Amino acid sequence: MLDQKLIRENPLSVEENLSLRGKVYNIAHINELTVKKKEIDIEISSLQSDSKKLSKLIGQEISTSQNHDSPELKNLKKKGNEYRIKISELEQKQRILDKEVENEIYNLPNFPSKDAPIGKDENDNVQIKTWGDHLKKENIKSHVEIGESLSLFDSIKSTKISKSRFITLIGNGARLERALINFMLDIHTKNGYLELMPPALVNSESLTGSGQLPKFSNESFKCSNDDLWLSPTAEVPLTAFNKNEIIDPKQLPVKYVAYSPCFRREAGSYGRDTKGLIRLHQFNKVELYWLCDPSKSLEAHQQITSDAESILKKLELPYRLVDICTGDLGFSSCRTFDLEVWLPSSKCYREISSCSNCWDFQARRSSIRTKIDKKNQFIHTLNGSGLAIGRTMAAILENGQQPDGSVKLPEALVPYFGSNFIKTA
RNA sequence: GGAGAGGUGGCUGAGUGGUCGAAAGCGAACGACUCGAAAUCGUUUAAUAGGAAACUAUUCGUGGGUUCGAAUCCCACCCUCUCCGCCA
């Protein structure tokens, strides 16, 4: 959420900043509303001040005089009643305005960082570096083919259980998923992250706090009888975990790592990545999350990204680091580095982690603050996958495939999985 | 699901119509004492919005209502706890 004061006092700069995202945002209208709201605020506040003084006078009058029905007293009460009617009329107006402003302001995305490359869409993203060697072999199979031939998962049978875009992991597939989760959690907790296992169902307020609502209600699954949604990412419960708190500056930065299942409707992606582990309604993810001093989020962003990167290196997976351009930035983010893993079957890089600095955007929506120089200030939040498990598995299968149909696993994973190879049963 | 209790500042907790934004305690900050620390004593210490500031307003789960005046009374909703039932 953006600062209302900023919108009121400097609407042009707000508009200009947001326009870097490549869309037109009509701040003038919101500005008009916030100014009007302010005027009414002032009017109400002065009426309330008068009415309060009058009430105190009546109170004193009653306690000092014997006659509780004197004409003077009746007169004062009548005057008080007039105040009340006036105030409640104004409050009604104010309530309507409040709703309108809220509605508009919660739909505004975060400002892009000045450091983010300016661009229109994903084609303008900037590759910062690549790491690792690409697999150069003939007859490369996709992870779907490998998974099917080694009986690691079954998506056809899963449609019986749910519908398309759900998967059932089987045998070594399930074992590999479990190994990856444990492996990643172990690495990150050793690096100073506190492990959390939050609820998978989150309420509307939590989704609003991290930025998924109100704008993206189409992208999450909602429970019909409760104000609860299936969490699309652990970022949601992790943001909400410290909602409405003032965090002791000595405790910063707070670093969380959480494994969680993630649920996304993937509306509008029909026909894309329909097979395999790449795009599912339900997937597992290990998420990294920081709450940090607002003056330190730039370094924190580097750190969280390199913490995510370290997993790819340990798993010997070739990847590249991409600086997301202003037009492709997520709603809550001011700067995002994507980690994209190499998938040899499709000869391209696929997003496996998205490391974002949300600045004070989520902290403002969720009211998470810290004391700096005796003043309460919004902290900065950062999040990054460390990593998406399903896509990691896909990458391991494709990059570790052997001519005999087996898959060689990265050394680091062997203690977790229990052997070096996945072979046909 | 049934019955009951309750939701008050960073925390605990008092407050049932009138200077109550709210006692007391804890915690925290500062000061004194000390070579230093602990202990002790003293002072300070809620948030939000507006304002340069003085100050003004709002906030006692949320939303309505009664009243000149509501933490306190009325209505609705949400949440938490305890017991019972069901259940991993």
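Just so we're clear, the structure is a prediction, and the values are computed from it rather than from any experiment. A note on names: the letters A, B, ... follow the listed sequences, proteins ahead of strands, and every chain is numbered from 1.
Consecutive Watson-Crick or G-U pairs involving RNA chain B, each under 3.5 Å on both distances, make up stems of three or more pairs at B:1-7 with B:78-84, B:10-12 with B:24-26, B:27-32 with B:40-45, B:46-50 with B:55-59, B:61-65 with B:73-77.
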For nucleotides 7-11 of chain B, list the nitrogen or oxygen atoms of the protein found under 3.5 Å from its nitrogen or oxygen atoms, one pair per line.
none

Check nucleotides 64-68 of chain B for protein N or O atoms closer than 3.5 Å to its own N or O atoms and list the pairs.
residue : atom : partner : partner atom : Å
B/G64   : OP1  : A/Arg95 : NE           : 3.0
B/U67   : OP2  : A/Arg84 : NH1          : 3.3
B/U67   : OP2  : A/Arg84 : NH2          : 3.3
B/C68   : O4'  : A/Lys77 : O            : 3.3
B/C68   : O2'  : A/Ser55 : OG           : 3.1

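The list of ring-ring contact (aromatic ring centres under 6.0 Å, His included) pairs with a residue in residues 208-253 of chain A, not counting sequence neighbours, reads A/Phe216-A/Phe331, A/Phe221-A/His281, A/Phe241-A/Tyr256. Pairs passing the side chain to side chain donor-acceptor pair (under 3.5 Å) check and including a residue from residues 408-420 of chain A, sequence neighbours excluded, read A/Asp186-A/Tyr416. Contacts classified as side chain to side chain donor-acceptor pair (under 3.5 Å) and involving residues 169-184 of chain A (residues at least two apart or in different chains) are given here: A/Glu177-A/Asn284. The stretch residues 10-22 of chain A participates, sequence neighbours left out, in no side chain to side chain donor-acceptor pair (under 3.5 Å) pair at all. Among pairs with a residue in residues 365-401 of chain A, those fulfilling ring-ring contact (aromatic ring centres under 6.0 Å, His included) read A/Trp359-A/His380, at least two apart in sequence or across chains. Screening residues 293-306 of chain A for salt bridge (Lys or Arg N to Asp or Glu O under 4.0 Å) gives no qualifying pairs among residues at least two apart or on separate chains.
Proximity of A/Asp248 to A/Thr370: side-chain heavy atoms (C-beta onward) are nowhere separated by under 4.5 Å.
Taking atom P in both B/G2 and B/G85, one finds a spacing of 16 Å when rounded to whole Å. Comparing the C1' positions of B/U40 and B/G4 gives an interatomic distance of 46 Å, to the nearest angstrom. Between B/G13 and B/G25, the distance separating the two C1' atoms is 8 Å to the nearest Å. Nucleotides B/A5 and B/G10 are separated by 26 Å at their C1' atoms, to the nearest Å. For B/G61 and B/G15, the P atoms lie 15 Å apart once the distance is rounded to whole Å. B/C26 and B/G65 have their C1' atoms separated by 38 Å, given to the nearest Å.
With B/A57, B/A47, B/G51 as the choices, the nucleotide that has an atom nearest any side-chain atom of A/Lys371 turns out to be B/A47. Distances were taken from every side-chain heavy atom of A/Gln48 (C-beta onward) to each of B/A57, B/A29, B/G51; the shortest belongs to B/A57.
Between the side chains of A/Tyr319 and A/Ser353, not a single donor N or O lies within less than 3.5 Å of an accepting N or O. No side-chain donor from either of A/Asp98 and A/Gln94 sits under 3.5 Å from a side-chain acceptor of the other.
The phosphate of B/G51 has OP1 or OP2 within less than 4.0 Å of a side-chain N or O from A/Lys5. In this model, the phosphate group of B/U58 is approached by a side-chain N or O of A/Lys52 to a distance below 4.0 Å at OP1 or OP2.
Using a 4.0 Å heavy-atom cutoff across all strands shown, A/Gln4 reaches no nucleic acid atom at all. Note on A/Lys53: nothing from the nucleic acid sits closer than 4.0 angstrom, heavy atoms only. Across all strands, A/Asn376 comes closer than 4.0 Å only to sugar-phosphate atoms, never to a base (heavy-atom distances).
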Could you go through residues 110-118 of chain A and list every donor-acceptor pair under 3.5 Å that involves a side-chain atom there, pairing it with any protein atom two or more places apart or in another chain?
residue  : atom : partner  : partner atom : Å
A/Asn110 : ND2  : A/Ser332 : O            : 3.0
A/Asn110 : ND2  : A/Cys358 : O            : 3.2
A/Ser113 : OG   : A/Asp115 : N            : 2.9

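Contacts of A/Thr208 classified as side chain to side chain contact (heavy atoms under 4.5 Å, CB included), with partners at least two apart in sequence or in another chain: A/Tyr106, A/Leu213, A/Arg365. When the ring pair (Phe, Tyr, Trp, His ring centres under 6.0 Å) test is applied to A/His188, the partners found at least two apart in sequence or on another chain are A/Tyr193.
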